[in-house]
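Index from 1, following the sequence. Bear in mind the structure is a predicted one, so any value in this text is a computation, not a measurement. Values below: every heavy atom of this structure, side chains too, minus hydrogens, waters and symmetry copies.
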Amino acid sequence: LMFLDVQNLNLPNLPPSIAAMSSLRQLIVRNCGITLSPANQQVLSSLRKLSLLDLQDNPLAVAPDIRAIRALRHINLANTGITELPVGLLDHPHVVIGRFDGNQITSLPDALFNAASNQGSALDFANNPLSATTRARIKAHYNQTGNHFGVMAEQADIDRTISLFPDLNAHQATNLLYRLPGTLMQ
C-alpha cells in the first residue's frame, strides 16, 4: 500500500498496523479526531518513506517530530491546534510545502527568517494569532524576499487600504502594506 486516505472518521489513534506499511508514501488522515499521543508519534516516526503527511483538521495540539521522516516533502497540519512548528521542520532536507494555517502559533523561530530566501517560500502560517513582533518580522522578511508566509496584514489595515484603493483585493492590499516603509505599527 503506497497511499492511505482516511477522512471524517472517529479514529483518535493511528492503527499500529500503519507502522508496518513500509511502502507507504502518502498518509492523509483528515478530521478523524487524532491527537498526538506518544503511540501516534511512534507510528509517524516509523514511516521513513512518507513523502506527504496530511493531518488537517485533527485536534493534535502538539506538532509531530518529523526528523525521522526523511523523505517528507509536503506536510499539512492546518487547523490542528498546534502552537509550535514541528521539530525538525526548519532543518529538514526535503520539505518544500508546509501548511500550518488556522492554528495557535504566536511566534515563528529566528531560523525561519534567517534561512535562504527561497527556503520556506511555500510555508503557510495564515490565520494564526501571531504576535505584533512576529508580524513586524514577516513584513521585514517580505521586503527582503517577497515572501510573507501567507500571513495577511491585519483586517483593519486591509480595509483601510481597500477604501483608499477600491480595485485592490485583500492579497494585493497586504502586499502594498508590507512594501510601505516603516513598521506595521506606524
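Heavy-atom minimum distance, H148 versus I138: O-CG2, 3.6 Å. A pairwise comparison of heavy atoms in I105 and F125 identifies CD1-CD2, 4.4 Å as the closest pair. Between P16 and V43 the shortest heavy-atom distance is CA-CG2, 4.2 Å. Between P59 and T35 the shortest heavy-atom distance is O-CG2, 3.3 Å.
Remark: L9 CG to L11 CG distance equals 6.5 Å, nearest 0.5 Å. Separation of atoms CG (L89) and CG (L123) is listed at 6.0 Å; rounding is to 0.5 Å. If you take CG on L55 and CG on L36, they are separated by 8.5 Å, rounding to the nearest 0.5 Å. Taking CD from E154 and CG from L130, the interatomic distance works out to 9.0 Å, rounded to the nearest 0.5 Å. Considering CG of L72 and CZ of R48, their distance stands at 13.0 Å, rounded to 0.5 Å. Interatomic distance, CG of L85 versus CG of L112, reported as 7.0 Å (0.5 Å rounding).
For the residue pair D57 / N79, a side-chain donor-acceptor distance below 3.5 Å is found, with atom types taken as modelled. Residues T80 and N103 have side chains that bring a donor and an acceptor to within less than 3.5 angstrom of each other. For N31 and Q7, the side-chain atoms include no donor-acceptor pair closer than 3.5 Å.
Counting only distance, with no hydrogens or angles, the side chain of R99 and the backbone of I97 share no donor-acceptor pair below 3.5 Å. Under the 3.5 Å distance criterion, the side-chain polar atoms of Q26 are left unmatched by any main-chain donor or acceptor of S51. Of the possible donor and acceptor atoms, none in the side chain of D124 sits under 3.5 Å from a partner among the backbone N and O of G98. Judged purely by atom type and a 3.5 angstrom limit, N128 uses its side chain to pair as donor or acceptor with the backbone of F100. For the pair S45 (side chain) and Q42 (backbone), a donor-acceptor distance under 3.5 Å is absent. Under the 3.5 Å distance criterion, the side-chain polar atoms of N58 are matched with a main-chain donor or acceptor of I34.
Under the 4.5 Å side-chain heavy-atom criterion for ILVMFWY residues, a single connected hydrophobic cluster contains both I69 and L90. L1 and L44 end up in the same hydrophobic cluster when Ile, Leu, Val, Met, Phe, Trp and Tyr side chains are linked at under 4.5 Å. Under the 4.5 Å side-chain heavy-atom criterion for grouping Ile, Leu, Val, Met, Phe, Trp and Tyr, L52 is not connected to M21 through any hydrophobic cluster.
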Item checked: Residues V62, T83; criterion side-chain contact (heavy atoms from CB on, under 4.5 Å); working and verdict -> CA-CA 7 Å; V62 177; T83 59; over 6 Å; no

Next item on the list: Begin from the C-alpha positions of L27 and L47 and carry the test side-chain contact (heavy atoms from CB on, under 4.5 Å) through to its verdict.
Entry: CA-CA 9 Å; L27 178 61; L47 302 173; 3.9 Å; yes

Margin query: I'd like to know whether S37 forms a side-chain contact (heavy atoms from CB on, under 4.5 Å) with N13, so could you lay out the CA-CA distance, the side-chain angles of the two residues, the decisive distance to 0.1 Å, and finally the verdict.
Written below: CA-CA 8 Å; S37 65; N13 290 301; 3.8 Å; yes

Next item on the list: Walk me through it: do R179 and Y142 pass the test side-chain contact (heavy atoms from CB on, under 4.5 Å)?
Entry: CA-CA 8 Å; R179 282 193 299 259; Y142 177 82; 3.5 Å; yes

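Counting heavy atoms from C-beta outward, I66 and H92 have side chains that approach closer than 4.5 Å. The closest side-chain heavy-atom distance from L164 to R160 is not below 4.5 Å.
With respect to D110 and R137, a salt bridge is recorded, a charged nitrogen being found less than 4.0 Å from a carboxylate O.
The aromatic rings of H141 and F149 lie parallel to each other, with less than 30° between the two planes, well short of the 60° mark.
Checking each of L176, L180, T174 against Y178 for a side chain to side chain contact (heavy atoms under 4.5 Å, CB included) leaves exactly one that passes, namely T174.
Counting non-hydrogen atoms of other residues, nucleotides and ligands closer than 6.0 Å to CD of E84 gives a total of 12 or fewer.
Here H94 and H74 keep their ring centres 6.0 angstrom or further from each other.
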